[in-house]
Protein chains: 2
Amino acid sequence: MKNNNINITKRERDCIITIGKNRNQSFPTRISFIAKSLDMKMPTVEEIIKRLVEKGLVQKEAGMVLLTEKGNNCYEEIIMKHRVMETFLFECGVNADEACREVSRFDYLIDSESADKIIEKIGKPEKCPHGFKIIESKR
Amino acid sequence: MKNNNINITKRERDCIITIGKNRNQSFPTRISFIAKSLDMKMPTVEEIIKRLVEKGLVQKEAGMVLLTEKGNNCYEEIIMKHRVMETFLFECGVNADEACREVSRFDYLIDSESADKIIEKIGKPEKCPHGFKIIESKR
DNA sequence: TATAATTGTTAGTATTATCCTAATAATGAA
DNA sequence: TTCATTATTAGGATAATACTAACAATTATA
């Protein structure tokens, strides 16, 4: 009730978002892809992924980086929190992609219980305002 | 426009809030007081304050820890962001002191420009919902 | 005032998260 | 098979957060 369900860091969040976004793509998610997406070097990504594996959120399979069920839940939660907050900011008059960038800094810090309550107030948006993709902010 | 005006860490934020909250109190703000308030040891606080002095947000005077003008502006900004977000969460049905605790995790990450826009939407609350004091969250 | 208690500071460490380069290993493509 | 890409490991570096121990300075009190 008081804290977030899963404790992750900003960069772990970024990696989860990158992997999750790429789930249903034709090409598999690889360390190199995540590194390119987030403008990081591969060993840096390797280390963050290592931690996510330890936390049971990610698994490696034949060179691919996949979300576990737990990781997928975590991803869905962050996306939900992100969209809800972003929609709110957008309705306040913040530019859509600016709102996206900004919310990326703290979406993962929002309580799930709070996010649920915000949803009741604001509705569950299926996508970012204006259809912008959720970005993994570069630090 | 894209980033926050001043770059501070979570703990720097906590210290600024503690000092700012104590500004007009009869007793001066000391390292020991901040340490007690935030449940940290004095050398830890000393180091964070050292960084805040380097950033021009805090100054030391006769054993007292004071906010500079810049530091005071920073404090006012965070408080504003905090209250506005907290009010929003409260209106969504989140318990007042829970909202306070939660918002303390990310208030300092909100853009000033966004906060201004939220204010136009939600009004400028003079105090937290239910009059709870803004707390410096314990990590 | 002398002593005790509280505060402040410095030194020295530790941990975690982020990052990197360089080297090597493995895999895939041509 | 050779080249290129990708993955991994090793080895560092830095910043933020935290601590204990030791000592200095200040304040309070007996």
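Keep in mind that the numbers below use all heavy atoms, side chains included, and drop hydrogens, waters and symmetry copies. Naming: A, B, ... by sequence-line order, numbering from 1 per chain.
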Discussion item. Without decimals, in angstroms, what is the distance between B:Asn7 CG and D:dA16 C1'?
Written reply: 13 Å
Fill in: A:Met64 CE - C:dT27 P separation (whole Å)
14 Å
Worksheet item: Between D:dA16 atom C1' and B:Asp14 atom CG, what is the distance in whole Å?
Response: 13 Å
Item to complete: Using salt bridge (charged side-chain N to carboxylate O under 4.0 Å, His left out) as the criterion, list what pairs up with A:Arg83, not counting sequence neighbours.
Response: none
Discussion item. Taking salt bridge (charged side-chain N to carboxylate O under 4.0 Å, His left out) as the definition, give me every residue that meets it alongside B:Lys50, ordered by chain and number, with sequence neighbours left out.
Written reply: none
Item to complete: Can you sort out the partners of B:Phe90 under ring pair (Phe, Tyr, Trp, His ring centres under 6.0 Å), two or more places apart, ordered by chain and number?
Response: B:His130
Practice prompt. Pull out every residue in residues 29-43 of chain B that has a heavy atom closer than 4.0 Å to any atom of DNA chain C, ordered by number, or say none.
Written response: B:Arg30, B:Ile31, B:Ser32, B:Lys36, B:Met42, B:Pro43
Discussion item. Can you pull out the residues from residues 44-63 of chain B that lie within a 4.0 Å heavy-atom distance of DNA chain C?
Written reply: B:Glu46, B:Lys60, B:Gly63
Worksheet item: Below 4.0 angstrom from OP1 or OP2 of C:dT16, is there any side-chain N or O of A:Thr9?
Response: no
Practice prompt. Show the numbers, then the answer: is there a side-chain contact (heavy atoms from CB on, under 4.5 Å) between B:Ile48 and B:Ile34?
Written response: CA-CA 11 Å; B:Ile48 293 162; B:Ile34 301 170; over 6 Å; no
Item to complete: Please list, chain by chain and in numerical order, all residues satisfying salt bridge (charged side-chain N to carboxylate O under 4.0 Å, His left out) with A:Lys121, sequence neighbours excluded.
Response: none
Discussion item. According to salt bridge (charged side-chain N to carboxylate O under 4.0 Å, His left out), does anything in residues 17-26 of chain A pair up with another residue at least two apart or in another chain? List the pairs.
Written reply: A:Lys21-A:Glu136, A:Arg23-A:Glu76
Item to complete: Sequence neighbours left out, what passes side-chain hydrogen bond (donor to acceptor under 3.5 Å, both in side chains) with B:Glu46? Give chain and number order.
Response: B:Lys60
Worksheet item: Taking only residues two or more places apart in sequence, or in another chain, which ones meet B:Ser114 in a side-chain contact (heavy atoms from CB on, under 4.5 Å)?
Response: A:Leu89, A:Val94, A:Glu102, B:Ile110, B:Asp111
Worksheet item: To the nearest angstrom, how far is B:Glu12 atom CD from D:dA18 atom P?
Response: 12 Å
Worksheet entry | Rounded distance (Å) that lies between atom P of C:dA17 and atom CZ of A:Arg13 | 17 Å
